[in-house]
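Have a look at the structure below, then the notes.
These values consider heavy atoms only, across backbone and side chains, with no hydrogens, waters or symmetry-generated copies.
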Amino acid sequence: RILVVDDHPVNRRVIRLFLEPFECDLVEAEDGQQALEALDREAVDIVLMDVNMPVMDGLEATRRLRMDARFQRLPVVALTADVMVAQVRTCLDAGCDAHVAKPIDLRNLLSVMDLCLARGVAREAAMGLSAL
């Protein structure tokens, strides 16, 4: 299950159309506040988080979800047209696991999602082994 957070309905639709062939189950939110509320209601495997949104931006939403123990390891991918090194660093410093530039390239999005999800699985396995 994927949480797609973007204030522009067209952007959410593009992501939905990109991921439809892969039979992904999507949950949508229009801003960071709605994203946090959705996370309280829905279990998700990864979050695709627009950075620049009204009400609560994606960076603040990511910072807040990282403060919640339930979501500290939830993969969050920042989606933004900001591609300068300092801007990408700001996304990572806020707690995002990766960055995908807009306009979104499907192959890049899938590659980044795969990498983030694989890292999460590896982290969980390592934690399980350390508990033995």
Side-chain angles (χ1 to χ4, degrees):
R1 182 167 257 191
I2 301 167
L3 174 58
V4 179
V5 187
D6 199 301
D7 58 319
H8 294 289
V10 171
N11 292 341
R12 292 193 311 272
R13 179 172 164 71
V14 166
I15 292 171
R16 191 175 336 114
L17 290 172
F18 275 171
L19 299 177
E20 228 170 45
F22 303 99
E23 298 181 10
C24 296
D25 186 16
L26 302 183
V27 176
E28 296 182 18
E30 296 179 16
D31 59 56
Q33 183 62 45
Q34 285 185 13
L36 295 176
E37 292 166 4
L39 287 169
D40 278 336
R41 293 187 314 268
E42 311 266 353
V44 301
D45 301 302
I46 190 168
V47 178
L48 304 179
M49 181 80 75
D50 182 25
V51 171
N52 300 304
M53 297 178 289
V55 182
M56 181 188 299
D57 69 38
L59 299 180
E60 181 60 25
T62 301
R63 286 185 199 100
R64 290 187 188 192
L65 75 85
R66 292 294 183 227
M67 288 189 277
D68 188 323
R70 298 173 297 166
F71 308 124
Q72 288 179 348
R73 290 189 287 281
L74 176 64
V76 177
V77 178
L79 306 176
T80 179
D82 300 330
V83 295
M84 301 296 289
V85 172
Q87 295 162 324
V88 173
R89 171 62 33 210
T90 299
C91 293
L92 299 177
D93 288 346
C96 294
D97 296 280
H99 171 278
V100 171
K102 288 181 177 180
I104 296 170
D105 173 78
L106 176 59
R107 285 176 298 187
N108 184 41
L109 177 64
L110 293 175
S111 175
V112 168
M113 289 173 62
D114 187 49
L115 180 65
C116 288
L117 290 167
R119 271 193 222 142
V121 169
R123 240 188 332 249
E124 293 298 320
M127 289 179 64
L129 289 175
S130 68
L132 296 177

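- Among all heavy-atom pairs drawn from C91 and T80, the shortest one is SG-CG2, 4.4 Å.
- M53 and V76 end up in the same hydrophobic cluster when Ile, Leu, Val, Met, Phe, Trp and Tyr side chains are linked at under 4.5 Å.
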Exercise for the section: Step by step, work out the side chain to side chain contact (heavy atoms under 4.5 Å, CB included) result for L36 and M56. Expected result: CA-CA 10 Å; L36 295 176; M56 181 188 299; 3.8 Å; yes
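- Looking at heavy atoms from C-beta onward, V5 lies out of side-chain contact with Q34 at the 4.5 angstrom threshold.
- When all heavy atoms are compared, the tightest approach of G58 to M49 is CA-CG, 3.6 Å.
- In this structure, OG1 in T62 is found 10.5 Å from CE in M67, a value given to the nearest 0.5 Å.
- Taken together through direct or relayed side-chain contacts under 4.5 Å among Ile, Leu, Val, Met, Phe, Trp and Tyr, V77 and V85 form parts of separate hydrophobic clusters.
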Exercise for the section: Check the pair R70, D40 against salt bridge (Lys or Arg N to Asp or Glu O under 4.0 Å), reporting the backbone distance first and the verdict last. Expected result: CA-CA 10 Å; R70 298 173 297 166; D40 278 336; 2.8 Å; yes
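- Going from atom SG of C96 over to atom CG of L79 covers 9.0 Å, rounded to the nearest 0.5 Å.
- Remark: I15 CD1 to I104 CD1 distance equals 4.0 Å, nearest 0.5 Å.
- Two residues are said to be in side-chain contact when any heavy atoms from C-beta on lie closer than 4.5 Å; D31 and D7 fail this criterion.
- How far SG of C24 is from CG of L110: 8.0 Å, rounded to the nearest 0.5 Å.
- Of all the heavy atoms in P75 and D97, the pair that sits closest is CA-OD2, 3.1 Å.
- D25 and R1 are joined by a salt bridge, as a carboxylate oxygen and a charged side-chain nitrogen come within less than 4.0 angstrom of each other.
- Contact record, L65 with F71: O-CB, 3.3 Å, taken as the closest heavy-atom pair.
- Across all their heavy atoms, A29 and A35 have their closest contact at CB-N, 3.6 Å.
- Here the closest heavy-atom approach between residue V44 and residue L74 is recorded as O-CD1, 3.4 Å.
- If you run side chain to side chain contact (heavy atoms under 4.5 Å, CB included) between L48 and each of N11, D6, L109, L26, only L109 comes through.
- Linking Ile, Leu, Val, Met, Phe, Trp and Tyr whenever their side-chain heavy atoms come within less than 4.5 Å puts V112 and L19 in one cluster.
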Exercise for the section: Step by step, work out the salt bridge (Lys or Arg N to Asp or Glu O under 4.0 Å) result for R66 and D93. Expected result: CA-CA 11 Å; R66 292 294 183 227; D93 288 346; over 6 Å; no
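- Rounded to the nearest 0.5 angstrom, L92 CG and H99 NE2 are separated by 8.5 Å.
- Summarising the geometry, atom CZ belonging to R64 is positioned 12.5 Å from atom CG belonging to L59; distances are rounded to the nearest 0.5 Å.
- Note: the hydrophobic cluster containing L106 also contains L117 (ILVMFWY, side chain heavy atoms under 4.5 Å, direct or indirect links).
- In terms of the salt bridge (Lys or Arg N to Asp or Glu O under 4.0 Å) criterion, residue partners of R63 (sequence neighbours excluded) are, by chain and number, E60.
- For R13, the CZ atom is loosely surrounded, since the number of other residues' heavy atoms within 6.0 Å does not exceed 12.
- Residues F22 and M113 share a hydrophobic cluster, clusters being chains of Ile/Leu/Val/Met/Phe/Trp/Tyr side chains in contact below 4.5 Å.
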